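Beneath this line is the structure, given in structure tokens, with notes to follow.
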Amino acid sequence: MNFVKKNGLGIIICAVVAGISTLLAGLSIGGFSFEVIGAPVFAIIIGMVITSIFKNFAADEKVKDGITFTSKKILQWAVIILGFTLNIKTVLAVGGQSLPVIISTIAVSLIAAAIMCRVLKVDKKVSILVGVGSSICGGSAIAATAPVIDADDEEIAQSISVIFLFNVIAALIFPTFGNAIGLTNDGFALFAGTAVNDTSSVTAAASAWDSMKETNGMVLAQATTVKLTRTLAIIPITLVLAFMRTREAKKAGGEGAKISMKKIFPWFILYFVMASLITTLVAVMPSGGFTDFYNEYFVKGAKWLAKFFIAMAMCAIGLNTNIVSLVKKGGKPIAMGFVCWMAITAVSLVMQHVLGYW
């Protein structure tokens, strides 16, 4: 009962917006299908509009906890559920193929952030958060890194706002851009998984591509796998930052930073792999009642539920994004985020071309 009282209203609001967004994504006007935009993008836009009209809506005590729960936990549940739609062989093949591109995009983003920090004289902690958020997995990487470098709430909010701004832009334009330059389904999955910052926007962009190309969720599954492979970089980068902060603190006579592996490690990836393993095992079982039901109904249901949860999470993210305040106060961090984003986009495409993927 305490959970329902604390989180219920916020979760319900996100679910209602996700339902409306799903209906909007199913509409078509004048031959134009809104499936190209996708429910997750509609959801984040509606969330942003709500929070722009009703100031500090997401900070209201009645809905705050539920919105936070949706943006964090329900998004992770969506990724785990997506695991049931994947064969573990696909996870290993796609993740392994994307590794050179992932390493290149992470490196260029961190380098770009370091350069822009000096050029624009952006706060060091904000620069680290924007660089890590851009290169790895957006809000999740920022949430994992912030305690390690002792970032305050304002620095965290500013960094997340910058990341989410470019997430929204990417989710809106990348499917059309990818189609215009002739990316294949596999190419766009790799592009979305490496060039979009946050898991939620990767899935939004991939979902829009799937709707546009009628690929039955294939690109969404592949892009999510690439993104999850990329997410693992949280571990070494956060540990390095913890080591650096501890060393600096010791030099200054401090006690040093404490770090918890339990908080750093993205445990939901393990559950994603376990779900994929179950599907892999079912795939080798003889055809029959359970196997046919699993492949025909359970997997399709899992795909739908994952997409709906993604739309809920995107709504929560939109509710926490104040574009007006971001534009007024975050000029330099936005410029840094833009440079990181463009560098990642360019390197992702160049590496695909060099490796012969595109």
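Small disclaimer: the values here were computed from a predicted structure and weren't measured.
Listed by chain and number, the residues in a side-chain contact (heavy atoms from CB on, under 4.5 Å) with Ile111 are Ile115 (sequence neighbours excluded). For Phe338, there are no ring pair (Phe, Tyr, Trp, His ring centres under 6.0 Å) partners, not counting sequence neighbours. Remark: Asp65 pairs with no residue by the side-chain hydrogen bond (donor to acceptor under 3.5 Å, both in side chains) rule, at least two apart or across chains. In this structure, the side-chain hydrogen bond (donor to acceptor under 3.5 Å, both in side chains) partners of Thr279, at least two apart in sequence or on a different chain, are Tyr294. Checked against side-chain contact (heavy atoms from CB on, under 4.5 Å), Ala189 has the following partners two or more places apart in sequence or in another chain: Val219, Gln222, Ala223. Judged as a salt bridge (charged side-chain N to carboxylate O under 4.0 Å, His left out), and not counting sequence neighbours, Lys303 has no contacts. Here Phe293 pairs with Tyr297 under the ring pair (Phe, Tyr, Trp, His ring centres under 6.0 Å) rule; sequence neighbours left out. Residues passing the ring pair (Phe, Tyr, Trp, His ring centres under 6.0 Å) test with Phe309, sequence neighbours excluded: none. Residues passing the side-chain hydrogen bond (donor to acceptor under 3.5 Å, both in side chains) test with Lys213, sequence neighbours excluded: Asn179. Ser127 pairs by the side-chain contact (heavy atoms from CB on, under 4.5 Å) definition with Cys117, Val122, Met336, not counting sequence neighbours. Evaluation of the side-chain contact (heavy atoms from CB on, under 4.5 Å) rule for Ser135 yields Ile106, Ser109, Leu110 as partners, not counting sequence neighbours.
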* Which is it for Leu190 and Val101 under the side-chain contact (heavy atoms from CB on, under 4.5 Å) test, yes or no, and what are the steps along the way? -> CA-CA 8 Å; Leu190 183 54; Val101 183; 4.0 Å; yes
* Does the ring pair (Phe, Tyr, Trp, His ring centres under 6.0 Å) test come out yes or no for Trp209 and Phe191, once each step is laid out? -> CA-CA 12 Å; Trp209 181 275; Phe191 177 53; 9.2 Å; no
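Remark: side-chain polar atoms of Ser348 are not paired, donor with acceptor, to backbone N or O of Ile344 under 3.5 angstrom. Counting only distance, with no hydrogens or angles, the side chain of Thr105 and the backbone of Ile102 share a donor-acceptor pair below 3.5 Å.
The two atoms that bring Gly193 and Val202 nearest to each other are CA-CG1, 4.1 Å, heavy atoms only. The minimum heavy-atom distance linking Thr291 with Pro286 is given by the pair OG1-O, 3.0 Å. Nearest heavy-atom pair across Pro175 and Ala205 is CG-O, 3.6 Å.
The side-chain heavy atoms of Asp60 and Lys64, taken from C-beta on, include no pair separated by under 4.5 Å. Considering only heavy atoms from C-beta on, Phe3 comes within 4.5 Å of Ile11 through its side chain. Counting heavy atoms from C-beta on, the side chains of Phe166 and Ile334 come closer than 4.5 Å.
Here ring-ring contact (aromatic ring centres under 6.0 Å, His included) pairs that include residues 222-242, with residues two or more places apart or in two chains, number zero.
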